[in-house]
Every structure is written in structure tokens, then in C-alpha cells.
*Asks:* 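Sharing a structure here in C-alpha cells format.
This is a predicted model, so every value here is computed, not measured.
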Amino acid sequence: MFLRQVLSEAVALDLPVRLSVLATNPAVAFYRREGLRIQEETPERRYMTAATS
């Protein structure tokens, strides 16, 4: 899976993973299942991050 590869490479390089998702996008649930957490929210967007260490 592409997301898992990106997360794995980010860990190896000690880089953060951040993304912005529309609040109404059902993919938010997918990202949460993959370990990303909501760092900040606005009425329109959810800003998510993944721990890489």
C-alpha cells in the first residue's frame, strides 16, 4: 500500500508526515486507521500528522 510505504520511508528518514484533508472527506477515517492523528481542525479542513519515531 502506498501510504504505508510513505510512512515507512518517513520513519527511516526521520521526517514528519503531514496532510490536509477536507473535513467532509470520508478518507479521514482511513487515515486515522493508518495511524495518523488530527493535529488541528477548521470548519473546512483537518490537518493530520503521523508520528515517525
*Asks:* According to side-chain contact (heavy atoms from CB on, under 4.5 Å), who are the partners of Gln39, at least two apart in sequence or on a separate chain?
*Replies:*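 side-chain contact (heavy atoms from CB on, under 4.5 Å) list for Gln39, sorted by chain: Thr49.
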*Asks:* Does Tyr31 share a hydrophobic cluster with Tyr47, counting links as ILVMFWY side-chain heavy atoms below 4.5 Å and allowing steps through other members?
*Replies:*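 Looking at the clustering, Tyr47 is in a separate group from Tyr31.
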*Asks:* Looking at CG of Leu22 and OG1 of Thr42, how far apart are the two atoms once the value is rounded to the nearest 0.5 Å?
*Replies:*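 The CG atom of Leu22 sits 9.0 Å away from the OG1 atom of Thr42.
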*Asks:* Measuring only between side-chain heavy atoms, which start at C-beta, is Arg37 closer than 4.5 Å to Arg32?
*Replies:*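 When only atoms from C-beta onward are counted, Arg32 and Arg37 do touch, with a gap below 4.5 Å.
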*Asks:* Can you tell me which residue pairs pass the side chain to side chain donor-acceptor pair (under 3.5 Å) test with a partner in residues 2-11, sequence neighbours excluded?
*Replies:*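 Residue pairs passing side chain to side chain donor-acceptor pair (under 3.5 Å), neighbours aside: Arg4-Glu34, Gln5-Glu9.
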*Asks:* Using 0.5 Å steps for rounding, measure from the CZ atom of Arg46 to the CG atom of Leu19.
*Replies:*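 Result: 12.5 Å between the selected atoms.
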*Asks:* Taking all heavy atoms of Ala23 and all of Pro43, pick out the closest pair and write down the distance.
*Replies:*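 Closest approach of Ala23 to Pro43, heavy atoms only: CB-O, 3.8 Å.
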*Asks:* Can you hop from Val11 to Val6 via hydrophobic side chains spaced under 4.5 Å?
*Replies:*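 No, Val11 and Val6 fall in different hydrophobic clusters.
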